[in-house]
**Student:** 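This is the structure I have questions about; it appears just below.
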Amino acid sequence: MKVGVLGYGRAGKAVVNVLSSDPRFELCWVMRGRAAPATPLQGLEPVQLVGLDGLDLEQWLDQHPVDALVDFSQADAVYRYGPVLRQRGIMLVSAISAYSPEHLEYLRQMGQDTRVMSSPNITLGINFLLLAAKMLREIAPFADVEVVEQHFREKPEISGTARKIAESLQLEDGSITSLRLGGIVGHHEVIFGFPHQTVRLIHDSIRREAFGTGAAFALQELAQCDKGFYSFDDLLMQKIRHQLLAGHSQA
């Protein structure tokens, strides 16, 4: 699968490291938001690093076609590349955490013409935690629930992942405790307080390459889907169903 990556900050660089070493994918190019001429990406030649601003995206894709785009940039970028991806049927895996309802509606509309997956946190572990937390909430709606999130000192806002966890469990933002400390990449914890016992679901991001592993999973699973808009939950449930059916057929 030929893949392009948009966004070359800390998370984007980690994703590039993972995808460039995965034999299932051919990393073709990496884009930054700001204008810049195409240059070979140091250490990954002949992968090209280019700026999106001012770029003739149609012409670029004619010369450097891809099957999928992985977006780790910023929310409004979807309006820049969205029409071209829809026209060409290029898959989109987006890990933007700050989408507004308007952005999400635009992504859903893109799903009419291509395959789109959007998740504010694309790590496999956090999405499995989210799925497990929702199941436990259904089993025990009487339990007290709190969400704790810890991130690096420079992160200003409550994490989009924590908000998504709270929303999926029908909790208010006041049920989220946020800590900002040096040396932490990302920590999310859901605490269920039962009579006589406590359950803690914990996920720690040790390295940002975890985002790349999640992006690779999303690319592989999304390629097997029909056109449409998907969450990471949808892809996980698809995988779980296949596993359960395979196990049932062998029983």
Side-chain angles (χ1 to χ4, degrees), residues 5-22 30 32-33 70-75 77 92-100 103-104 117-137 145-169 171-192 198-222 230-236 239:
V5 172
L6 175 59
Y8 201 52
R10 288 178 292 185
K13 289 177 180 177
V15 172
V16 165
N17 289 340
V18 172
L19 295 182
S20 63
S21 61
D22 191 320
V30 179
R32 286 174 165 161
V70 177
D71 187 1
F72 272 81
S73 60
Q74 51 85 27
L92 172 63
V93 168
S94 175
I96 306 300
S97 62
Y99 279 138
S100 67
H103 289 117
L104 291 172
M117 195 289 302
S118 174
S119 175
N121 188 312
I122 204 168
T123 57
L124 270 169
I126 200 67
N127 283 282
F128 190 81
L129 176 149
L130 185 58
L131 191 61
K134 288 192 291 187
M135 291 177 63
L136 190 52
R137 184 67 161 166
V145 186
E146 294 287 330
V147 178
V148 178
E149 61 99 355
Q150 304 172 19
H151 283 83
F152 49 92
R153 189 180 296 114
E154 295 81 10
K155 185 176 179 65
E157 73 281 357
I158 295 175
S159 95
T161 300
R163 290 186 187 277
K164 183 177 180 181
I165 292 171
E167 179 184 349
S168 69
L169 301 179
L171 305 174
E172 300 295 331
D173 280 358
S175 296
I176 302 173
T177 299
S178 299
L179 297 174
R180 296 294 175 262
L181 302 165
I184 295 177
V185 175
H187 170 100
H188 291 89
E189 182 174 353
V190 186
I191 306 171
F192 288 83
T198 303
V199 175
R200 295 174 182 263
L201 303 175
I202 298 173
H203 177 266
D204 285 297
S205 293
I206 299 168
R207 291 178 56 89
R208 290 182 175 83
E209 277 72 10
F211 299 134
T213 305
F217 172 84
L219 286 167
Q220 184 180 34
E221 294 301 313
L222 191 61
Y230 299 88
S231 67
F232 208 104
D233 271 7
D234 295 327
L235 301 186
L236 269 179
K239 190 72 171 178

**Student:** Which residues satisfy the side-chain contact (heavy atoms from CB on, under 4.5 Å) test with Ser168, sequence neighbours excluded?
**Tutor:** Leu130, Lys134
**Student:** Considering only distance and modelled atom types, tabulate donor-acceptor pairs under 3.5 Å from the side chains of residues 9-18, sequence neighbours left out.
**Tutor:**
from  : atom 1 : to     : atom 2 : distance (Å)
Asn17 : ND2    : Lys13  : O      : 3.4
Asn17 : ND2    : Glu209 : OE2    : 3.3

**Student:** Report yes or no: do Ser73 and Asp71 form a side-chain donor-acceptor pair below 3.5 Å?
**Tutor:** yes
**Student:** Is the shortest heavy-atom distance from the side chain of Val185 to the side chain of Arg207 under 4.5 Å?
**Tutor:** no
**Student:** What distance do His187 atom NE2 and Phe152 atom CZ have between them, rounded to the nearest 0.5 Å?
**Tutor:** 15.0 Å
**Student:** Can you sort out the partners of Tyr8 under ring pair (Phe, Tyr, Trp, His ring centres under 6.0 Å), two or more places apart, ordered by chain and number?
**Tutor:** none
**Student:** Can you list everything that forms a salt bridge (charged side-chain N to carboxylate O under 4.0 Å, His left out) with Arg163? Sequence neighbours excluded, please.
**Tutor:** Asp173
**Student:** With sequence neighbours left out, what residues match Ser97 under side chain to side chain donor-acceptor pair (under 3.5 Å)?
**Tutor:** none
**Student:** Decide side-chain contact (heavy atoms from CB on, under 4.5 Å) for Met117 and Leu92; before the verdict, give the C-alpha distance in whole Å, the side-chain angles of both, and the deciding distance to 0.1 Å.
**Tutor:** CA-CA 6 Å; Met117 195 289 302; Leu92 172 63; over 6 Å; no
**Student:** In Å and rounded to the nearest 0.5 Å, what is the CG to OG distance from Leu104 to Ser231?
**Tutor:** 11.0 Å
**Student:** Could you walk me through whether Ser178 and Ile158 pass the side-chain contact (heavy atoms from CB on, under 4.5 Å) test, one step at a time?
**Tutor:** CA-CA 7 Å; Ser178 299; Ile158 295 175; 3.8 Å; yes
**Student:** Quick one: are Phe232 and Asn121 in side-chain contact, heavy atoms under 4.5 Å?
**Tutor:** no
**Student:** Holding to side-chain contact (heavy atoms from CB on, under 4.5 Å), I want the full list of residues that pass it with Ala75, two or more places apart in sequence or in another chain.
**Tutor:** Ile96, Tyr99, His103
**Student:** Check the pair Leu219, Leu19 against side-chain contact (heavy atoms from CB on, under 4.5 Å), reporting the backbone distance first and the verdict last.
**Tutor:** CA-CA 10 Å; Leu219 286 167; Leu19 295 182; 4.2 Å; yes
**Student:** Working to the nearest 0.5 Å, report the span between OG of Ser119 and CD1 of Ile126.
**Tutor:** 9.5 Å
**Student:** I'd like to check the salt bridge (charged side-chain N to carboxylate O under 4.0 Å, His left out) partners of Glu157; sequence neighbours left out, ordered by chain and number.
**Tutor:** Lys155
**Student:** Name all residues meeting the salt bridge (charged side-chain N to carboxylate O under 4.0 Å, His left out) criterion together with Asp204; count only those two or more places apart in sequence or in a different chain, and write none if there are none.
**Tutor:** none
**Student:** Go through the structure and list residues passing ring pair (Phe, Tyr, Trp, His ring centres under 6.0 Å) with His151, not counting sequence neighbours.
**Tutor:** His188
**Student:** Measuring only between side-chain heavy atoms, which start at C-beta, is Thr213 closer than 4.5 Å to Thr123?
**Tutor:** no
**Student:** For atom CD of Glu172, decide whether the heavy atoms of other residues, nucleotides or ligands shown that lie under 6.0 angstrom number more than 12.
**Tutor:** no
**Student:** Ring pair (Phe, Tyr, Trp, His ring centres under 6.0 Å) with Phe192: which residues, sequence neighbours excluded?
**Tutor:** none
**Student:** Can you name the nearest heavy-atom pair linking Ala215 to Ile122, along with the distance?
**Tutor:** CA-CD1, 3.8 Å
**Student:** How would you list, by chain and number, every residue that makes a side-chain contact (heavy atoms from CB on, under 4.5 Å) with Val148, sequence neighbours excluded?
**Tutor:** Gln150, Thr177, Glu189, Ile191
**Student:** Run the salt bridge (Lys or Arg N to Asp or Glu O under 4.0 Å) test on Glu149 and Arg180 for me, step by step, so that the C-alpha distance in whole Å, both residues' side-chain angles and the decisive distance to 0.1 Å come before the verdict.
**Tutor:** CA-CA 9 Å; Glu149 61 99 355; Arg180 296 294 175 262; 2.9 Å; yes
**Student:** Indicate the atoms forming the closest heavy-atom contact of Ala133 with Leu169, along with that distance.
**Tutor:** O-CD2, 3.5 Å
**Student:** Counting only heavy atoms not in Leu181, do more than 12 sit closer than 6.0 Å to its CG atom?
**Tutor:** yes
**Student:** Can you check whether Val145 reaches Arg137 side chain to side chain, under 4.5 Å on heavy atoms?
**Tutor:** yes
**Student:** State, yes or no, whether a side-chain contact exists between Leu129 and Ile165 at a heavy-atom distance under 4.5 Å.
**Tutor:** yes
**Student:** Working to the nearest 0.5 Å, report the span between CZ of Phe217 and CG of Leu222.
**Tutor:** 10.5 Å
**Student:** For the side chain of Asn127 and the backbone of Leu124, is there at least one donor-acceptor N/O pair under 3.5 Å apart?
**Tutor:** no
**Student:** Start with the C-alpha gap between Tyr230 and Glu221, add the side-chain angles, then the distance that decides, and say whether side-chain contact (heavy atoms from CB on, under 4.5 Å) holds.
**Tutor:** CA-CA 11 Å; Tyr230 299 88; Glu221 294 301 313; over 6 Å; no
**Student:** Applying ring pair (Phe, Tyr, Trp, His ring centres under 6.0 Å), name anything that partners Phe72, two or more places apart in sequence or on another chain.
**Tutor:** none
